Amino acid sequence: MSEPTEQSNLARSLEGDGEAYARIVASYQTQIARRMRVFANDPAVVEELVQEVFVDAYFSLPKFREGNFPGWLKQIATRVGYRYWKKNRRRAESGRDDEWWRQLAQHKIEVLDRAAVVRLVRALMDRLPPRDRLALVLIYIEGHSIDEAARLAGWSKTMVKVQAFRARRKMRAFFAELGIDNVQSACETVGDAIHERL
């Protein structure tokens, strides 16, 4: 007997078949875990976020129209991650190690190893409001177009452009405080390192 297709698993899940939904989860769990590592470094938090994505997806299945299921799941994952940032903003600010990145920034960014650049940029991004941070991640770190970023975030294209502009301006100011002028290079390094790690 052949394996059920994704479409049949989706149809059965809508009818309440838990085993069919478990097959969907098994198919996409690794991919969604990679996605959630953009939003959190702690493996336990990533695991919780992955579970939240699949719970949200399950309850949203009646709204899914046939088409790109992985893309639809990625939208849900993006929104779950954004919600996590919003909920944990104050905790991230209080746990920030400002002295560490000030010391680190005394070096030229070009001579820092990749892990140090990633840590520096993540520390600076933690200072951004979640909305600015999401725009920065979607466009400059993940390389999505304005249209794709708008779809993933559930925002208008105008809002994505405004948030991206604000995020760039704030990041330039953060880097200027530290005497670093090559923001684009730093963000590309972070993007490359994130994708390598995923």
Side-chain angles (χ1 to χ4, degrees), residues 31-42 45-46 49-50 52-53 71 73-98 100-102 104-105 108-110 112-198:
Q31 181 181 337
I32 296 302
R34 281 191 208 116
R35 178 86 189 120
M36 302 326 288
R37 285 188 200 115
V38 170
F39 297 95
N41 288 323
D42 182 339
V45 173
V46 169
L49 292 174
V50 169
E52 192 174 334
V53 168
L73 202 54
K74 188 174 179 180
Q75 286 177 318
I76 291 173
T78 300
R79 292 169 195 175
V80 166
Y82 176 60
R83 230 175 22 230
Y84 169 76
W85 277 347
K86 283 171 58 176
K87 187 170 88 175
N88 291 283
R89 171 143 190 194
R90 292 196 194 289
R91 188 181 312 156
E93 288 172 346
S94 65
R96 194 173 69 215
D97 183 0
D98 290 347
W100 175 85
W101 61 259
R102 283 189 191 285
L104 185 65
K108 289 277 184 201
I109 201 157
E110 291 79 16
L112 294 175
D113 67 28
R114 188 167 287 229
V117 174
V118 169
R119 186 170 175 199
L120 174 63
V121 173
R122 280 190 183 268
L124 293 172
M125 285 175 56
D126 283 347
R127 298 174 71 188
L128 292 173
R131 192 175 287 189
D132 291 349
R133 192 172 170 191
L134 185 61
L136 186 75
V137 165
L138 291 174
I139 296 171
Y140 297 101
I141 292 180
E142 294 186 343
H144 293 290
S145 68
I146 298 293
D147 287 350
E148 291 167 338
R151 183 180 48 77
L152 286 167
W155 300 341
S156 69
K157 288 187 273 188
T158 301
M159 184 170 163
V160 169
K161 289 176 186 175
V162 167
Q163 294 306 143
F165 174 78
R166 288 179 181 165
R168 280 196 317 268
R169 188 177 62 209
K170 288 173 187 173
M171 285 296 282
R172 278 195 190 100
F174 295 156
F175 275 85
E177 280 177 41
L178 303 171
I180 297 170
D181 57 7
N182 198 344
V183 180
Q184 185 68 31
S185 172
C187 286
E188 285 170 5
T189 300
V190 173
D192 291 346
I194 286 172
H195 292 300
E196 282 172 14
R197 209 179 75 207
L198 306 184

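This is a predicted model, so every value here is computed, not measured.
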Would you give the length of the straight line joining atom [atom1] of [X] to atom [atom2] of [Y], rounded to the nearest 0.5 angstrom?
X: R34; Y: Q31; atom1: CZ; atom2: CD; answer: 7.0 Å
X: R151; Y: K74; atom1: CZ; atom2: NZ; answer: 7.5 Å
X: K170; Y: M125; atom1: NZ; atom2: CE; answer: 12.5 Å
X: E148; Y: T78; atom1: CD; atom2: OG1; answer: 11.5 Å

Tell me whether the rings of W155 and Y82 are parallel (<30°), tilted (30 to 60°) or perpendicular (>60°).
perpendicular

Assess whether a salt bridge exists between R133 and D126, defined as any Lys/Arg side-chain N lying under 4.0 Å from an Asp/Glu carboxylate O.
yes

If you look at every heavy atom in [X] and [Y], which pair is closest and at what distance?
X: A33; Y: V46; value: O-CG1, 3.8 Å
X: A149; Y: H144; value: N-CB, 4.1 Å
X: R89; Y: P129; value: NH1-CA, 2.7 Å
X: L136; Y: L128; value: CD2-CD1, 4.0 Å
X: A135; Y: A164; value: CB-N, 3.7 Å
X: L138; Y: A153; value: CD1-CB, 4.1 Å

Given F165, which partner from the list K161, R169, Q163 fulfils the side chain to side chain contact (heavy atoms under 4.5 Å, CB included) test?
R169

Can you spot which of N88, L134, V137 makes a side chain to side chain contact (heavy atoms under 4.5 Å, CB included) with F39?
L134

Would you sort out whether M36 and V45 count as a side-chain contact (heavy atoms from CB on, under 4.5 Å), showing the intermediate values?
CA-CA 9 Å; M36 302 326 288; V45 173; over 6 Å; no

Can a donor-acceptor pair be found, under 3.5 Å and without considering hydrogens, that links the side chain of R79 to the backbone of L152?
yes

Short side-chain to backbone donor-acceptor contact, Q75 and G154, under 3.5 Å
no

side-chain contact (heavy atoms from CB on, under 4.5 Å) assessment of R83 paired with E52
CA-CA 11 Å; R83 230 175 22 230; E52 192 174 334; 2.7 Å; yes

